[in-house]
**Q** 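This structure is in structure tokens; I'll ask about it shortly.
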Amino acid sequence: MAKTYTLNVAGLTRELTICKVNDHMDIAAFIMLGDAELTVAAAAELLKKCPDFDILLTAEAKGIPLAHEMSRQSGKPYVCARKGVKLYMPDPVVVEDQSITTAGKQKLVIDRKELDKMSGKRVLVVDDVISTGGSLKALDELAEQTQCTIVGQAAVLAEGDAAQRKDIIFLEPLPLFLH
Ligand SMILES: O=P(O)(O)OC[C@H]1O[C@H](OP(=O)(O)OP(=O)(O)O)[C@H](O)[C@@H]1O
Ligand SMILES: Nc1ncnc2[nH]cnc12
């Protein structure tokens, strides 16, 4: 049987499977994709803690259901950064992204027209989990490519050292398993 970590968040309990990242570190995999009950509950709790905003910004893939639900509950729109350039992006703005779960570099991309939906707006950056902060940094870099104000950076979970950060809003910490 795979080892698990018991997570209590937004009034719900989930058993997260522990997965190997490398010889020295495991993570408890937090997968909200497919978990509508948790997504709805976490979005509601997070919105209570976040400042007023005009538009949400998130990253493909696991950030999408959370941003969608926060958008639905708040009535505010969201913009999603994709992990690659699509043929329907005439003017893609691309930044590099490195996250704890992915070996090597990824890309985050938003087409200019989509990016400019944030222009002059108060932007709340959201993701399911913040760990190294690499993905959050890439989202911030994209937001900085237009005239907007980032009013908050929020995630359901802050993993490892991210739980000590004072510049993010989160519901619960998530440990890293070092050995
Ligand atoms: O703080 P970091 O170290 O960047 O880790 C956090 C990021 O990692 C996960 O995405 P992942 O790269 O696994 O991609 P996915 O959502 O496409 O599965 C998660 O959804 C965050 O975006
Ligand atoms: N614990 C975790 N589970 C899933 N994706 C992650 N990205 C960063 N940390 C993660």
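Indexing begins at 1, ligand by ligand and atom by atom, following the structure's order. Worth knowing before you read on, the calculation uses all heavy atoms, side chains too, and leaves out hydrogens, waters and symmetry mates.
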**Q** Check each heavy atom of Ile100 against ligand 1 and say whether those closer than 4.0 Å belong to the side chain, the backbone, both or neither.
**A**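 Near ligand 1, Ile100 shows its backbone as well as its side chain.
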**Q** Does Gly133 reach ligand 1, in the sense of a heavy atom lying below 4.0 Å from it?
**A**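 Distance cut 4.0 Å: Gly133 passes for ligand 1.
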**Q** Under 4.0 Å from a heavy atom of Gly134: give me the atoms of ligand 1 that qualify, with their elements.
**A** 1 (O), 4 (O)
**Q** Do Pro51 and Ile169 have side chains that approach each other closer than 4.5 Å (heavy atoms only, starting at C-beta)?
**A**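 Of all side-chain heavy-atom pairs linking Ile169 with Pro51, at least one is under 4.5 Å.
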**Q** Nearest 0.5 angstrom please: Met25 CE to Leu178 CG, how far?
**A** 7.0 Å
**Q** Can you name the nearest heavy-atom pair linking Thr132 to Gln98, along with the distance?
**A** OG1-O, 3.9 Å
**Q** So which of Ile64, Val129, Leu38 actually passes side-chain contact (heavy atoms from CB on, under 4.5 Å) with Met32?
**A**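 Exactly one option meets the side-chain contact (heavy atoms from CB on, under 4.5 Å) with Met32, and it is Leu38.
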**Q** Between Asp91 and Lys113, is there a side-chain heavy-atom distance shorter than 4.5 Å?
**A**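 Answer no - side chains too far apart.
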**Q** Surrounding NZ of Lys76 (heavy atoms of other residues, nucleotides or ligands, distance under 6.0 Å), is the total greater than 12?
**A** yes
**Q** CG of Asp161: more than 12 outside heavy atoms within 6.0 angstrom?
**A** no
**Q** Of all the non-hydrogen atoms in the protein, which one sits nearest to atom 19 (C) of ligand 1, and at what distance?
**A** Asp128 OD1, 3.2 Å
**Q** Distance to 0.1 Å, residue and atom name: give those for the protein heavy atom nearest to atom 9 (C) of ligand 1.
**A**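 Its nearest protein heavy-atom neighbour is Lys62 NZ, 3.5 Å.
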**Q** Does atom NZ (Lys83) have a neighbourhood of more than 12 heavy atoms from anything else shown, all under 6.0 Å?
**A**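 Yes, enclosed.
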**Q** Do the side chains of Val79 and Leu115 get nearer than 4.5 Å, heavy atoms only?
**A**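 A side-chain contact is absent here, since even the closest heavy-atom pair is not under 4.5 Å.
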**Q** Nearest to atom 12 (O) of ligand 1, what protein heavy atom do you find, and at what distance?
**A** Ser99 OG, 2.6 Å
**Q** Can you name the closest pair of heavy atoms from Pro77 and Ser71 and give their distance?
**A**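 That would be CA-OG, 3.9 Å.
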**Q** Please state whether Glu159 comes within less than 4.0 angstrom of ligand 1, counting heavy atoms only.
**A**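 The answer is no, since Glu159 has no heavy atom less than 4.0 Å from ligand 1.
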**Q** Among protein heavy atoms, which lies nearest atom 22 (O) of ligand 1, and at what distance?
**A**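 Its nearest protein heavy-atom neighbour is Asp127 OD2, 2.5 Å.
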**Q** With the side chain counted from C-beta on, respond yes when Arg14 and Glu37 share a heavy-atom pair under 4.5 Å apart, and no when they do not.
**A** yes
**Q** Tell me, please: is Leu136 in heavy-atom contact with ligand 1, that is, under 4.0 Å?
**A** no
**Q** Taking 4.0 Å as the limit for heavy-atom contacts, which would you say applies to Lys83 with ligand 1: side chain only, backbone only, both, or neither?
**A** side chain
**Q** Among Asp127, Leu124, Leu139, find the one that has a side-chain contact (heavy atoms from CB on, under 4.5 Å) with Leu57.
**A**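 For Leu57, the side-chain contact (heavy atoms from CB on, under 4.5 Å) test succeeds with only one of Asp127, Leu124, Leu139, which is Leu139.
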**Q** Tell me which protein heavy atom sits closest to atom 13 (O) of ligand 1, plus the residue, atom name and distance to 0.1 Å.
**A** Thr101 OG1, 2.4 Å
**Q** I'd like to check which ligand 1 atoms, numbered from 1 as shown, lie under 4.0 Å from a non-hydrogen atom of Gln98.
**A**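 Every atom of ligand 1 under 4.0 Å from some heavy atom of Gln98: 4 (O).
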**Q** Listing by chain and number, which residues have a heavy atom under 4.0 Å from ligand 2?
**A** Ile27, Ala28, Ala29, Phe30, Lys62, Ile100, Thr101, Val129, Ser131, Glu159, Leu174
**Q** Which donor-acceptor pairs under 3.5 Å do the side chains of residues 140-150 make with protein atoms, sequence neighbours left out?
**A**
from: Glu141; atom 1: OE2; to: Lys137; atom 2: NZ; distance (Å): 3.4
from: Thr146; atom 1: OG1; to: Asp116; atom 2: OD1; distance (Å): 2.9

**Q** If you measure every N or O of Ala61 against every N or O of ligand 1, does any of those distances drop under 3.5 Å?
**A** yes
**Q** For ligand 1, does Thr132 get within less than 4.0 Å through its side chain, its backbone, both, or neither, judged by non-hydrogen atoms?
**A** both
**Q** Do other residues, nucleotides or ligands put more than 12 heavy atoms under 6.0 Å from the CG atom of Asp167?
**A** yes
**Q** Just jot down the ligand 1 atoms closer than 4.0 angstrom to any heavy atom of Thr102, in number order.
**A** 12 (O)
**Q** Identify, for atom 6 (C) of ligand 1, the protein heavy atom at the shortest distance, and state residue, atom and that distance.
**A** Val129 O, 3.3 Å
**Q** Just to confirm my output: which protein heavy-atom neighbour is closest to atom 4 (O) of ligand 1, and how far is it?
**A** Ser135 OG, 2.7 Å
